[in-house]
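Heads up: the structure comes next, in structure tokens.
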Amino acid sequence: MREPLVVGNWKLQGSLVSVEALLGDLLSATPVVGVEIAVCPTYVHLGRAITMCGRSLLAVGAQDCSYVQSGAYTGEVSPAMLAEIGCHWVILGHSERRQYQGESDALIAAKLAAAVEADLSPIVCVGETREQREAGSAQAIVSAQLEGALKGQANLDRVVIAYEPVWAIGTGLTATPEQAQQMQAFIRGCLMDISGVDATATRILYGGSVKAGNAASLFVQPDIDGALVGGAALIAADFLAIINAAAA
Ligand code: PGA
């Protein structure tokens with residue numbers, strides 16, 4: 001049985017005041033059982049979020065990390081530092097980082113190894129662009145991203161995959177539940193071919209315009225084990241509705 005996981009990716013949004021307010025709303029809601037929950041604020045808001053979440057069921061993650069643990073790397077934040085302050089999760093290879101920071105599969109693989117070494121639980125994002133889907137190469141792109149990040153890793157016990165079609169992120173264009181399920185089943189098949197991955201036990205999230213109104217139809221799909229939520233994770237009522245849909 002794969003426990004559903006719902007992760008809020010807050011991206012470069014908010015202020016300390018709005019982050020505290022949002023966390024306050026989430027923490028005062030009735031705890032939901034049977035679903036794992038996490039929020040991923042910016043680096044500067046992580047410490048406050050971890051303090052506020054304390055021993056609650058709300059875990060905290062980072063949106064990225066360095067591929068090294070320490071050294072002369074100005075501006076970087078290491079997985080070991082994140083783990084030390086109480087971060088549990090780290091998102092890796094988000095399409096916005098692939099696009100705006102030019103992150104390659106090789107860099108994402110190095111970050112994944114460093115994150116696991118520091119005892120963080122990694123969420124590795126994969127997904128095709130609209131052009132790639134229209135050209136019929138979506139599966140080839142996604143399988144190459146998976147192999148590039150996961151092959152040869154020493155420990156993939158806690159890895160989570162997030163399938164996020166780039167054309168669905170922040171656009172309001174969600175993949176249909178059938179489209180998402182088809183790719184997520186394909187991803188599970190790819191995982192079976194990667195040594196060190198327990199494909200049946202590995203959670204595969206869907207991300208890309210997940211909202212309160214479409215979450216339930218996505219979560220009933222057999223290979224959708226939760227969601228990585230952007231915009232809707234910034235509104236407490238919407239995020240809570242998605243969490244409740246995952247628990248249902
Ligand atoms: P969205 O973002 O829910 O706003 O589409 C998802 C993501 O980028 O993780």
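Every heavy atom of this structure was used, including side-chain atoms; hydrogens, water molecules and symmetry mates were not. In listed order, ligands and their atoms are each counted from 1.
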Would you list the atom pairs, donor with acceptor, under 3.5 Å between side chains in residues 212-220 and any protein atom, with sequence neighbours excluded?
residue, atom, partner, partner atom, Å
Asn214, OD1, Lys211, N, 2.7
Asn214, ND2, Thr174, OG1, 3.1
Asn214, ND2, Ser209, O, 3.0
Ser217, OG, Asn214, O, 2.9

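The local environment of CD in Gln182 is sparse, with at most 12 non-hydrogen atoms from other residues, nucleotides or ligands closer than 6.0 Å.
Side-chain contact between Tyr43 and Asp64 is present, with heavy atoms from C-beta onward closer than 4.5 Å. The shortest side-chain heavy-atom distance between Trp167 and Thr129 does not fall under the 4.5 Å cut-off.
Checked by atom type and distance alone, the side chain of Arg203 pairs as donor or acceptor with a backbone atom of Glu3 at under 3.5 Å.
In this structure, ligand 1 sits under 4.0 Å from heavy atoms belonging to Asn9, Lys11, His94, Glu164, Ala168, Ile169, Gly170, Gly208, Ser209, Leu228, Val229, Gly230, Gly231.
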Would Gln184 and Gln221 satisfy side-chain hydrogen bond (donor to acceptor under 3.5 Å, both in side chains), going step by step from the backbone distance to the final call?
CA-CA 9 Å; Gln184 312 232 161; Gln221 302 298 321; over 6 Å; no
